Colleague: 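The structure under discussion is supplied below as structure tokens; questions concerning it will follow.
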Number of protein chains: 2
Amino acid sequence: MLSKSLDPVDFTRALADETRQKIMRLCCCQWLSVGEIVEKTNVTQPTVSHHLGILRQAGLVKTRRSGKMIYYTLNQEVLASGCCNLAENFAPEFPITINVENP
Amino acid sequence: MLSKSLDPVDFTRALADETRQKIMRLCCCQWLSVGEIVEKTNVTQPTVSHHLGILRQAGLVKTRRSGKMIYYTLNQEVLASGCCNLAENFAPEFPITINVENP
DNA sequence: CCATGATATTGAAATATTTATATATATCGA
DNA sequence: TCGATATATATAAATATTTCAATATCATGG
């Protein structure tokens, strides 16, 4: 089942930052701990936490705790449905569909 | 032919504002003059011009002059391809396609 | 329970964005 | 060309965002 998608303003605002998109790229298809994300970006740990918080609030990441570490991964489903929602709202003449993978 | 789409950061930043989305909604399927857009929003004419400038720079609106007036309409094609691009970048597991209308 | 390591939160500085007022530019009709 | 109207630009104030240093919280091993 596809998730309920964000309001387009909230959705785009959550995405509209270079550092957040860098983080999103990093944990797009894998689970990374905060420390690993810090290593792979040029920003401090609190800054990474801040951006992860914004992404989390928007439902754009999933989290999993393992011991002291918290692992993050991008929620691609929410991302995809947000993109479709955006297109449905602002580009109705160019219908877009998600080709959901067979389960 | 589908246009070359924006960098995801530029694309989302252009969209990430409530006033701009209001303007985008207004001129989504119609041509509106700046004055008409001002009437239908709660902001002043310079503010509308400012936002139209941001949308124009991102290629998200088309313009047409008729006498003293300049008409704007949303470039749905750029919008749609930007959405697809975003999804391709950040949600590769949920492939999205534009169903281009038959020409 | 305490010390340690991982992540989150607080507070503040730097920067960017949004908005409005004032002004400039451009087009048209007389 | 002048005046009127439509839109754009410049400037500045208010607000929001990004970032970091300092500190707090949370989970684990001893």
Side-chain angles (χ1 to χ4, degrees), chain A residues 6-27 30-75 82 90, chain B residues 6-27 30-75 82 90:
Chain A
L6 283 173
D7 160 76
V9 174
D10 297 334
F11 179 66
T12 51
R13 285 171 62 97
L15 298 181
D17 180 82
E18 189 167 11
T19 302
R20 279 198 291 284
Q21 289 198 13
K22 193 170 192 176
I23 292 172
M24 287 166 58
R25 248 176 246 291
L26 287 171
C27 62
Q30 62 186 333
W31 292 86
L32 289 181
S33 69
V34 177
E36 289 170 319
I37 296 171
V38 171
E39 277 173 20
K40 294 172 193 293
T41 55
N42 297 325
V43 291
T44 62
Q45 178 269 318
T47 297
V48 167
S49 266
H50 171 246
H51 287 299
L52 287 172
I54 289 171
L55 293 172
R56 182 158 19 91
Q57 233 186 317
L60 286 165
V61 288
K62 295 183 270 194
T63 64
R64 173 165 68 73
R65 178 181 278 278
S66 172
K68 295 175 199 166
M69 323 237 262
I70 301 181
Y71 288 87
Y72 283 80
T73 195
L74 197 57
N75 190 332
F90 297 113
Chain B
L6 284 173
D7 160 77
V9 174
D10 296 334
F11 179 66
T12 51
R13 286 170 61 96
L15 298 182
D17 179 82
E18 190 167 9
T19 303
R20 279 198 292 283
Q21 289 198 13
K22 193 170 191 176
I23 292 172
M24 287 165 59
R25 248 177 246 290
L26 288 171
C27 62
Q30 62 185 333
W31 291 86
L32 290 182
S33 69
V34 177
E36 289 171 319
I37 295 170
V38 171
E39 277 174 20
K40 293 172 193 294
T41 54
N42 297 326
V43 291
T44 61
Q45 177 269 316
T47 297
V48 168
S49 267
H50 171 246
H51 288 299
L52 287 172
I54 289 171
L55 293 173
R56 183 158 19 91
Q57 232 185 318
L60 287 166
V61 289
K62 295 183 267 193
T63 64
R64 171 166 69 70
R65 179 182 276 279
S66 172
K68 295 174 200 168
M69 323 237 261
I70 300 181
Y71 290 87
Y72 283 81
T73 195
L74 196 58
N75 190 333
F90 297 113

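Note that this is a predicted model, so its numbers are computed, not measured. Every chain is numbered from 1 and lettered A, B, ... according to where its sequence line falls, protein lines coming before strand lines.
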Colleague: Restricting to pairs with a member in residues 58-72 of chain B, which pass side-chain hydrogen bond (donor to acceptor under 3.5 Å, both in side chains), not counting sequence neighbours?
Modeller: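 Residue pairs passing side-chain hydrogen bond (donor to acceptor under 3.5 Å, both in side chains), neighbours aside: B:R56-B:Y72.
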Colleague: Expressed as a whole number of angstroms, how long is the span from A:Q57:CD to C:dA8:C1'?
Modeller: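 The answer, rounded to whole Å, is 14 Å.
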Colleague: Could you write nucleotides 19-30 of chain C as a row of B, S and -, 5' to 3', where a protein heavy atom under 4.0 Å of any base atom gives B, of only sugar-phosphate atoms gives S, and otherwise -?
Modeller: BBBB----BS--
Colleague: For residues A:V43 and A:K22, determine if any side-chain heavy atom of one lies less than 4.5 Å from a side-chain heavy atom of the other.
Modeller: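 SC-SC contact between A:V43 and A:K22 ruled out.
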Colleague: Which value, rounded to the nearest 0.5 Å, describes the distance between A:D17 atom CG and A:I23 atom CD1?
Modeller: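 Between A:D17 CG and A:I23 CD1, I get 8.0 Å after rounding to 0.5 Å.
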Colleague: OH of A:Y71 versus P of C:dA8: gap in Å, rounded?
Modeller: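 So the two atoms are 13 Å apart, to the nearest Å.
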Colleague: To the nearest Å, how far apart are B:E36 CD and D:dT5 P?
Modeller: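 After rounding, the gap between these two atoms is 17 Å.
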Colleague: Rounding to an integer number of Å, can you tell me how far A:R64 CZ sits from C:dA6 P?
Modeller: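 After rounding, the reported distance stands at 16 Å.
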Colleague: Taking all non-hydrogen atoms of both residues, which atom of B:V9 and which atom of A:E18 are closest, and how far apart?
Modeller: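 Heavy atoms of B:V9 and A:E18 come nearest at CG2-CA, 4.0 Å.
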Colleague: What is the distance, rounded to the nearest whole Å, between atom CD1 of A:I70 and atom C1' of C:dA8?
Modeller: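 My rounded result for the distance is 8 Å.
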Colleague: Please give, in whole Å, the distance from C:dT7 P to A:E39 CD?
Modeller: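 Going from CD in A:E39 over to P in C:dT7 covers 10 Å.
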Colleague: Return the value, rounded to whole Å, for the distance between atom CZ of A:R56 and atom P of C:dT9.
Modeller: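 From A:R56 CZ to C:dT9 P: 6 Å.
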Colleague: Just so I know, are the side chains of B:R25 and A:P8 near enough to count as touching, which here means a heavy-atom distance under 4.5 Å?
Modeller: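 Heavy-atom side-chain distance check passes, below 4.5 Å.
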Colleague: Quick check on D:dA16: is either OP1 or OP2 less than 4.0 Å from any side-chain nitrogen or oxygen of A:R13?
Modeller: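 For D:dA16, neither OP1 nor OP2 has a side-chain N or O of A:R13 closer than 4.0 Å.
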Colleague: Can you tell me if the side-chain N/O atoms of A:Y72 get under 4.0 Å from OP1 or OP2 in C:dA8?
Modeller: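 A:Y72 to C:dA8 OP1/OP2: side-chain N or O found under 4.0 Å.
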Colleague: Does A:T73 use its side chain to pair, donor to acceptor, with the backbone of A:C27 at less than 3.5 Å?
Modeller: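 Looks like yes, one N/O pair under 3.5 Å.
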Colleague: Would you kindly give the CD1-to-C1' distance between A:I37 and C:dA8, to the nearest whole Å?
Modeller: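 Atom-to-atom, A:I37 to C:dA8, this comes out as 14 Å.
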